[in-house]
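Okay, so here's the structure we're looking at.
Quick note: residue numbers are just sequence positions, from 1. Ligands are counted one by one from 1 in listed order, and the atoms in each one are counted from 1 as well.
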Amino acid sequence: MRTPVIAGNWKLFKTIGEATGMVNELKPLVAGTSGVEIVVAPVFTALNRVAEALSGSNVSLAAQDCYWEEEGAFTGEVAPKLLVDAGCSHVIIGHSERRQYFGETDDTVNKKAKAAIAAGLTAIVCVGETLAEREADKTFTVIEAQLKGGLAGFTAAMLAQTIIAYEPVWAIGTGKTASDDQAQEVHAFIRNLLATMFGQSVADDIRILYGGSVKPDNVKGLMSQNDIDGALVGGASLKADSFAAIANFAV
Ligand code: PEP
């Protein structure tokens, strides 16, 4: 019912040459993969060349962030319509590294996601608790606040252009994956919350990805959970063979 999404977040890695080289290696490894949406998110400077390299393939392109204004005196920012112009169909918004290092808040996530959707992009909205929040039993409170703030004012139509990524901060880049049950528990909570906010059919249709040290050897277990509809992958998305193995989780 929900097409799985496997998205690779390349963070601040890869030159243009390395990024195009990687997708040229990846394409044949996933050419036969059906029933899965595959997405890669290179740095801004590589987007357009990677878009050219991906042309005609079954791999889509995401940016790692955007701004909410269309244009103006906003030095250093990139507008959603420029991402579309560069060849993107998706954009990651509110990644925990942006929240931690660059002052991203639920309010800026909300503005960015709305602007991205208005420009025709699919917004991959990230939420997740820190280790201290989990240990203080605040996981559900934190996730609820992030979703209510990040998706404030959203309509059902906007949710159709939204993917949620649940990424426990303690599992990102640490090698510590949430167990299948721990992840499923939060995914089910997110889907129930979305049902109360937007109605059951919106909640049934939305894809909720898990992120946090996803690797070829743990993806199957995660993907076997009822409410896990894909993965947002950092480290293991940087090499074509490991990312392809994750995208081919069902094979
Ligand atoms: C991420 O950057 O979104 C991520 C989940 O990273 P990693 O897979 O390396 O934990």
Could you pull out all donor-acceptor pairs under 3.5 Å where a side-chain atom in residues 73-88 meets a protein atom, sequence neighbours excluded?
none

Mind listing the N or O contacts between ligand 1 and protein, cut-off under 3.5 Å?
from     : atom 1 : to     : atom 2 : distance (Å)
ligand 1 : 2 (O)  : Asn9   : ND2    : 3.2
ligand 1 : 2 (O)  : Lys11  : NZ     : 2.7
ligand 1 : 2 (O)  : His95  : NE2    : 3.0
ligand 1 : 3 (O)  : His95  : NE2    : 2.8
ligand 1 : 3 (O)  : Glu167 : OE1    : 3.1
ligand 1 : 3 (O)  : Glu167 : OE2    : 2.6
ligand 1 : 6 (O)  : Gly234 : N      : 3.4
ligand 1 : 8 (O)  : Ser213 : N      : 3.4
ligand 1 : 8 (O)  : Gly234 : N      : 2.8
ligand 1 : 9 (O)  : Gly235 : N      : 2.8
ligand 1 : 10 (O) : Gly173 : N      : 2.6
ligand 1 : 10 (O) : Ser213 : N      : 2.7

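- Across all non-hydrogen atoms, the minimal contact from Ile6 to Ala247 is CG1-CA, 3.9 Å.
- Defined by atom type and a distance below 3.5 Å, a donor-acceptor pair is present between the side-chain atoms of Thr108 and Glu104.
- Partners of Phe243 under the ring-ring contact (aromatic ring centres under 6.0 Å, His included) rule, at least two apart in sequence or in another chain, do not exist in this structure.
- Taking CG of Leu222 as the reference point, atom CD of Gln182 lies at 10.5 Å (rounded to 0.5 Å).
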Give every donor-acceptor pair under 3.5 Å between a side-chain atom in residues 193-201 and any protein atom, sequence neighbours left out.
from   : atom 1 : to     : atom 2 : distance (Å)
Thr196 : OG1    : Leu193 : O      : 2.7
Gln200 : NE2    : Asp204 : OD1    : 2.9

